[in-house]
2 protein chains.
Amino acid sequence: MPSDAPSATRVRTNVTSDIREAIMRGDFVPGQRLIEADLTEQFAASRGAVRSALLELAADGLVERVANRGARVRVVPLDEAIEIYEVRMAVEALCAAKAAERIGDAEAEELRSIGSDMRAAVADGDTMRYRQLNQRLHQRIREISGQRTASNVLERLRAQSVRQQFKVATMPGRPQVSLPEHLAIIEAICAGDAEGADRAIRVHLSSVMDAMRKASEN
Amino acid sequence: MPSDAPSATRVRTNVTSDIREAIMRGDFVPGQRLIEADLTEQFAASRGAVRSALLELAADGLVERVANRGARVRVVPLDEAIEIYEVRMAVEALCAAKAAERIGDAEAEELRSIGSDMRAAVADGDTMRYRQLNQRLHQRIREISGQRTASNVLERLRAQSVRQQFKVATMPGRPQVSLPEHLAIIEAICAGDAEGADRAIRVHLSSVMDAMRKASEN
DNA sequence: CCCGCCAATATTGTCAACAATTCCGCCACC
DNA sequence: GGTGGCGGAATTGTTGACAATATTGGCGGG
């Protein structure tokens with residue numbers, strides 16, 4: 001799936017992706033109404049296309065639709081965010097374990113390289129870069145695991161909790177906490193230690209969940 | 001979900017559910033083309049409604065859509081079915097563990113009652129009834145677990161693999177194998193043994209996966 | 001001063017016709 | 001005899017107008 005085809009048939013921009021990205025980027029805040037007419041204008045698409053997009057995004061759990069009352073960006077309360085993370089923990093642990101079983105030398109080097117970059121980003125206090133590396137690490141682990149279904153599920157769940165994830169990632173001192181957890185995950189996977197990778201992922205996501213709870217106490 | 005509401009507001013029957021059920025029931029076989037005009041006639045709905053339905057079902061992973069070439073019932077190859085079951089294992093294990101932690105006396109009695117019914121159904125050789133009870137057991141465990149997100153994910157995955165599940169369930173001698181596994185799950189959950197419930201679920205789903213592999217060797 | 005009704009408005013849902021695309025059989029041509 | 005183009009049919013995609021439904025603000029009664 002080429003997310004950025006160089007010159008190919010991406011002439012006709014996909015409205016669904018546009019709206020999805022707008023939501024995940026935060027252009028639309030949770031709870032905000034998404035009125036078809038407005039979106040039609042904003043994205044220069046037909047109403048039918050907008051309708052289809054909203055339908056698809058509703059299936060993805062990103063927007064809520066109630067009959068005859070339209071769509072709005074779904075607001076994920078804390079307890080539901082926790083549930084999402086509990087599922088993520090189970091599925092990411094599966095992916096990490098599988099990745100540990102299947103990893104090759106080149107891929108191991110790549111993961112370690114991401115680890116080094118993360119260390120550097122934390123040392124420089126570059127939170128944004130760390131966030132990107134974090135996402136890339138998790139994505140790469142999923143890819144190495146070869147579990148397409150698990151990847152789909154995780155991608156879906158991540159989209160739903162991207163806001164909470166952002167809140168946590170930008171907490172002061174948070175990178176210092178999560179960096180060693182990430183490095184532990186990388187080491188376990190590269191060592192082919194499925195059991196250890198499973199544990200390391202769970203430790204990491206537990207830590208994220210704790211931080212999430214703390215963040216919401218404000 | 002009342003499939004046959006007696007008098008309620010089910011005047012306007014939902015096309016999406018109808019098609020979904022038709023697929024899961026096997027009225028449409030995997031790979032079969034789903035032509036909008038035909039569905040329009042068959043379900044007495046407008047083409048727009050059918051289109052929306054196909055869009056939604058595609059998001060659910062039940063049908064495949066390619067641009068300008070229409071929709072067809074998605075065919076799930078064995079290796080993908082296995083992946084689906086690996087994810088199910090992870091998530092159902094989570095649900096079982098949570099259910100074990102939260103179960104009350106009334107619910108425990110209900111689960112045990114399902115267990116007895118299953119025993120009876122196997123003794124009578126009533127495979128269909130056993131299948132129903134099986135589904136109800138898993139569903140009830142999800143409900144008791146209180147994990148909405150996990151339930152959604154599982155419901156989705158179950159819809160995709162319902163065909164394989166059927167193949168396995170109707171294998172001769174299969175109920176005799178899975179009955180004790182189910183009873184073990186029930187006992188662990190009722191005993192409040194989260195760890196044991198997790199293990200029991202994994203044992204059971206591993207067994208299903210093995211059976212699935214054998215079934216596809218034909 | 002507050003509350004429930006009613007019309008006006010905003011918004012979504014549905015429909016039918018039209019445009020664009022792909023598929024399939026046929027025929028000329030090599 | 002095989003191959004490549006060329007219509008015609010089938011099917012999906014899009015558009016615009018219309019119908020159905022919910023929301024809002026005002027108005028009169030209590």
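Within every chain, numbering begins at 1; the chains are lettered A, B, ... in the order of the sequence lines, protein sequences first and strands thereafter.
Regarding A/Arg65, its CZ atom lies at a distance of 16 Å from the P atom of D/dT21, rounded to whole Å. Rounded to whole angstrom, the span from the CD atom of A/Glu36 across to the P atom of D/dT14 amounts to 15 Å. Summarising the geometry, the separation between CD on A/Glu56 and P on D/dG13 is reported as 13 Å, rounded to the nearest angstrom. One interatomic measurement links the two molecules: CD1 of A/Ile35 to P of C/dT9, which rounds to 17 Å at whole-angstrom precision. Atom CG in B/Asp38 sits roughly 10 Å away from atom C1' in D/dT11 (whole-Å rounding). Rounded to whole Å, the distance from CG on B/Asn68 to P on D/dT12 is 10 Å. To the nearest angstrom, C1' of D/dT14 lies 14 Å from CG of B/Leu55. For B/Asn14 and C/dG13, the CG to P distance is 12 Å, given to the nearest whole Å.
Among the atoms of the strands shown, only primed sugar atoms or phosphate atoms (P, OP1, OP2) are found under 4.0 Å from some heavy atom of A/Gly70. Contacts of A/Leu34 with the nucleic acid, taken as non-hydrogen atoms under 4.0 Å apart, involve only primed sugar atoms and P, OP1 or OP2.
For the pair B/Ser46 and C/dC15, the criterion of a side-chain N or O lying under 4.0 Å from OP1 or OP2 is met. For B/Arg51 and C/dA16, the shortest distance from a side-chain N or O to OP1 or OP2 is not below 4.0 Å.
In terms of modelled atom types and a separation under 3.5 Å, the side chain of B/Glu92 and the main chain of B/Met89 share no donor-acceptor contact. Using a distance-only test at 3.5 Å, with no hydrogens or angles considered, a donor-acceptor pair links the side chain of B/Ser151 to the main chain of B/Gln147.
Judged by distance alone, the side chains of B/Arg174 and B/Ser207 do bring a donor and an acceptor atom under 3.5 Å apart. Under 3.5 Å, the side chains of A/Gln139 and A/Gln135 contain no donor-acceptor pair of N or O atoms.
Here D/dT11 is the nucleotide among D/dG13, C/dG13, D/dT11 with the atom lying nearest to any side-chain atom of B/Arg33. When distances run from any side-chain atom of A/Arg47 to the nucleotides D/dT11, C/dT12, D/dG13, the shortest one goes to C/dT12.
In the interface, the side chain of A/Arg69 is not paired with the base of C/dG13 through any donor and acceptor atom under 3.5 Å apart.
Judged by a 6.0 Å distance limit and a 45° cone about the ring axis, A/Arg163 is not positioned over the six-membered ring of A/Phe166.
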